[in-house]
Amino acid sequence: MIQYKPVLPIFYNKSTLELAQNLLGCVLVKETEEGVASGYIVETEAYMGPDDQAAHSFGNRRTKRTEVMFDQAGTVYTYTMHTHTLVNVVCAGVGIPHAILIRAVEPLDGQELMGVRRSGRPKKEWTNGPGKLTKALGIKMDDYGKHFMKPPLMICEGWPTDILTIQAGPRIGIDNSGEARDYPWRFYVADNPFISK
DNA sequence: ATCTCGATTCCCT
DNA sequence: GGGAATCGAGATT
């Protein structure tokens with residue numbers, strides 16, 4: 001049984017781009033009645049609220065869905081896209097609607113459960129995409145608005161960051177977002193086999 | 001009340 | 001590499 005240590009609240013207290021990189025190597029843990037499933041975060045994307053055309057909170061757009069983006073750093077922002085649930089880490093200060101999308105993880109705990117949830121597909125395809133990893137880990141809209149500090153959904157200490165080679169590039173799936181399309185706000189662990197396409 | 005379109009995935013060619 | 005699936009949030013009427 002792996003002992004999970006949630007990262008301290010102060011961990012979230014840094015700039016969005018910095019946090020997006022620091023999240024790499026951390027472990028995303030989800031507890032459900034079926035069991036615990038977890039994975040190392042290997043790919044993230046930063047969305048910078050007011051000035052980022054690709055963000056749901058562009059221009060400080062505040063709706064029922066984006067409401068939690070204005071909450072404190074470390075809050076869970078889930079939303080549904082094409083029937084898939086995507087999970088984000090809210091960051092920056094209260095009132096500043098930034099968030100970081102978790103795009104891929106490397107399976108750690110509960111692999112049998114993940115295999116079942118992913119319909120017996122090859123392990124490589126369990127968590128190599130933002131909608132896939134939520135299904136494998138059992139993350140749902142129920143987690144919306146909670147905090148990553150407490151169960152059932154947590155971000156815990158994982159790999160030491162200094163062993164990782166981090167690469168950056170443009171974000172994915174936002175071609176209709178004007179200039180923001182080209183910002184290099186996607187971060188991923190070099191050569192990791194679970195990076196999304 | 002209705003319309004549009006997507007921070008995706010899967011299957012098919 | 002391309003297109004359908006599929007549904008709800010947000011915008012419009």
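Everything quoted here is computed from the prediction, not taken from an experiment. Throughout, protein chains are lettered first and strands after them, A, B, ... in sequence-line order, and every chain is numbered starting at 1.
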Notebook entry, point to check: Do Tyr79(A) and His56(A) have ring centroids that are under 6.0 Å from one another?
Noted result: yes
Margin query: With a cut-off of less than 4.0 Å, is there a side-chain N or O of Arg65(A) near OP1 or OP2 of dG10(C)?
Written below: yes
Next item on the list: Determine the contact category for Asn88(A): base if any of its heavy atoms lies under 4.0 Å from a base atom, sugar-phosphate if only primed atoms, P, OP1 or OP2 are that close, otherwise nothing.
Entry: base
Note to self: What's Thr83(A) touching, base or sugar-phosphate or nothing? Going by heavy atoms closer than 4.0 Å.
What the structure shows: sugar-phosphate
Notebook entry, point to check: Looking across every strand, which nucleic acid part, if any, lies under 4.0 Å from Arg186(A) by heavy atom: base, sugar-phosphate, or nothing?
Noted result: nothing
Notebook entry, point to check: So, are Arg118(A) and Glu125(A) salt-bridged, with charged N and O less than 4.0 Å apart?
Noted result: no
Item checked: P gap between dA7(B) and dG1(C), integer Å -> 22 Å
Notebook entry, point to check: Arg118(A) side chain: which of dC10(B), dT8(B), dC7(C) is closest?
Noted result: dC10(B)
Notebook entry, point to check: Given that Lys135(A) and Ile172(A) both sit by DNA chain B, which one's nearest nucleotide is further toward the 5' end?
Noted result: Ile172(A)
Next item on the list: Before accepting this row, confirm whether a basic side-chain N of the pair Arg171(A)/Asp52(A) lies closer than 4.0 Å to the acidic partner's carboxylate O.
Entry: yes
Notebook entry, point to check: Can Tyr79(A) be called stacked on dA9(C) when the rule is centres closer than 5.5 Å and an angle between planes below 30°?
Noted result: no
Checklist line | His84(A)-dT8(B) aromatic stacking (under 5.5 Å, under 30°) | finding: no
Check: Arg61(A) side chain N/O closer than 4.0 Å to the phosphate oxygens (OP1, OP2) of dA11(C)?
Finding: yes
Notebook entry, point to check: Are more than 12 heavy atoms from other residues, nucleotides or ligands located less than 6.0 Å from atom CD1 of Ile163(A)?
Noted result: yes
Item checked: Stems where DNA chain C pairs, listed by first number, each of three or more Watson-Crick or G-U pairs under 3.5 Å -> B:1-6 with C:7-12, B:8-12 with C:1-5
Margin query: I'd like to know if the side chain of Thr32(A) reaches the main chain of Gly35(A), judged simply by a donor and an acceptor atom lying under 3.5 Å from each other, with no hydrogens or angles considered.
Written below: yes
Check: With a 4.0 Å cut-off on heavy atoms, is Ile174(A) in touch with a base, just the backbone sugar-phosphate, or nothing at all?
Finding: sugar-phosphate
Check: Which of these nucleotides, dC11(B), dT8(B), dT9(B), is closest to any side-chain atom of Met81(A)?
Finding: dT8(B)
Check: Can you tell me if the side-chain N/O atoms of Asn176(A) get under 4.0 Å from OP1 or OP2 in dG6(B)?
Finding: yes
Next item on the list: Compare side-chain N and O positions of Thr63(A) against OP1 and OP2 of dG10(C) and report whether any pair is under 4.0 Å apart.
Entry: yes
Notebook entry, point to check: Taking the six-membered ring of Phe148(A), is the NZ or CZ of Lys150(A) close enough (under 6.0 Å from the centre) and on axis enough (within 45°)?
Noted result: no
